[in-house]
Amino acid sequence: GENVEQHPSTLSVQEGDSAVIKCTYSDSASNYFPWYKQELGKRPQLIIDIRSNVGEKKDQRIAVTLNKTAKHFSLHITETQPEDSAVYFCAATRSSNTGKLIFGQGTTLQVKP
Amino acid sequence: NAGVTQTPKFRILKIGQSMTLQCTQDMNHNYMYWYRQDPGMGLKLIYYSVGAGITDKGEVPNGYNVSRSTTEDFPLRLELAAPSQTSVYFCASRWTSGNSPSYEQYFGPGTRLTVT
């Protein structure tokens, strides 16, 4: 079955710097890759996603890149702000398997003012 | 719309007790999911449902049961609670159709369960 590895487990940056979180997946048939942000004690919330027919997607300060050949995808946050501090999860699924998401282990991002 | 709601928010169970975690969505979503999140870990799928009357196992189904008698409700039943079931449980839902598939899942606020 699918396995998703996420790195790093913790990341500390200064406000205004960029942050990059990377995930690798094992199932070459996976074709949907969402990123969720989870603040302490709250529910996961989708911040950006990408499908396998696209190599990059941007939404303001957030971008996701996908390398299907290497089976990895990354989250890029530019001009980080203290409110970006949270746990970020990547996930993967294939459209044929009823949308069952396989999650990475999470990255705790701390943005220092 | 309230979205996805879960009850209770918190619960403490003794070993061997049983309970039902409730999940309701008012978005007419056809797919529903139950995940558990252990401390410092990602979410793992317990069970899912593609519509009323249809359920199937996820990655970690042992010790749990589900039913889906209506589109709105997807309760998760714990029988004979064990300390290993101490976790935060999230319910999620999504709408998809063959013509316009969508993969975004909407999560409920979670139920924090402790088994002692």
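Predicted model, so just to flag it, every value in this text is computed and none were measured. We use all heavy atoms of the structure for the numbers below, so side chains are in, but hydrogens, waters and symmetry mates are not. So that the names make sense, note that chain A is the first sequence line, chain B the second, and so on, each numbered from 1.
Annotation for B/Q17: atom CD counts as buried by contact number, over 12 foreign heavy atoms lying within 6.0 Å. Open room surrounds CD on A/Q60; 12 or fewer heavy atoms of other groups in view lie less than 6.0 Å from it. Within 6.0 Å of CD1 on B/I12 lie no more than 12 heavy atoms contributed by other residues, nucleotides or ligands.
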With side-chain contact (heavy atoms from CB on, under 4.5 Å) as the test, would you mind laying out the steps for B/Y35 and A/L101 before giving the verdict? CA-CA 10 Å; B/Y35 295 91; A/L101 290 173; 3.6 Å; yes

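By number of non-hydrogen pairs under 4.5 angstrom with chain A, the leading residue of B/G58, B/P109, B/G110, B/G40 is B/P109. Here B/F107 is the residue among B/F107, B/F90, B/Y31 with the most heavy-atom pairs under 4.5 Å with chain A. For the set B/M41, B/R112, B/K44, the count of heavy-atom pairs under 4.5 angstrom toward chain A peaks at B/M41. Contacts with chain B were tallied for A/Q6, A/K42, A/R43, A/Q105; A/R43 has the most, counting heavy-atom pairs under 4.5 Å.
Looking at B/V88, neither its backbone nor its side chain comes within 4.5 Å of chain A, counting heavy atoms on both sides. B/L43 touches chain A through backbone and side chain together, each having a heavy atom under 4.5 Å away. Both the backbone and the side chain of A/P44 have a heavy atom closer than 4.5 Å to some heavy atom of chain B.
A distance of 11.0 Å separates CG in A/D49 from OH in B/Y103, rounded to the nearest 0.5 Å.
The side-chain heavy atoms of B/Q37 and A/Q38, taken from C-beta on, include a pair separated by under 4.5 Å. Residues B/Q105 and A/L46 are not in side-chain contact: their nearest non-hydrogen atoms beyond the backbone lie 4.5 Å or more apart.
For residues 28-37 of chain A, every residue pair satisfying the salt bridge (Lys or Arg N to Asp or Glu O under 4.0 Å) rule, not counting sequence neighbours, is listed here: A/K37-A/E39.
In the hydrophobic clustering of ILVMFWY residues, with side-chain heavy atoms under 4.5 Å counting as a link, B/Y106 and B/Y48 come out apart. B/Y33 and A/I102 are assigned to two separate hydrophobic clusters, defined by single-linkage of ILVMFWY side chains at heavy-atom distances under 4.5 Å. One hydrophobic cluster, built from ILVMFWY side chains closer than 4.5 Å, cannot hold both B/L45 and B/M32; they sit in different ones. Hydrophobic clustering, with ILVMFWY side chains joined whenever heavy atoms are under 4.5 angstrom apart, groups B/L21 together with B/I46.
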